[in-house]
Amino acid sequence: GIYHLETGRVEFLGRSPRQSEFLTSDSSLPPSLQALPIRTTVHGWMPHPEALKLLKEGNERFAVGAAIAGRITPAMRKALVK
């Protein structure tokens, strides 16, 4: 859906072609975030060309509906607490 900041309304775009997969998943994160490396402030800054590359890759996956599948590991969760 699209959230309109001006009005606070949500425009629903319909069901995902992968809806049944999403509904049966045990993960609390969207598939597009599940396999990505988790970065925190411990990792320091990322060079802007690398950050822009990751952003563009993620936007492309989103645009074509090709989210990355994977699992969040305990190590990934632990990294977020540091």
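All values below were derived from every heavy atom in this structure, side-chain atoms included, with hydrogens, water molecules and symmetry-related copies excluded.
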May I have the list of side-chain donor-acceptor pairs in residues 7-14 shorter than 3.5 Å, sequence neighbours left out?
from: Thr7; atom 1: OG1; to: Arg9; atom 2: N; distance (Å): 3.2
from: Glu11; atom 1: OE1; to: His4; atom 2: NE2; distance (Å): 3.1

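Listed by first then second residue, pairs satisfying salt bridge (charged side-chain N to carboxylate O under 4.0 Å, His left out) with a partner in residues 46-55 read Lys53-Glu57, not counting sequence neighbours.
In this structure, OG1 in Thr24 is found 10.5 Å from CD in Gln19, a value given to the nearest 0.5 Å.
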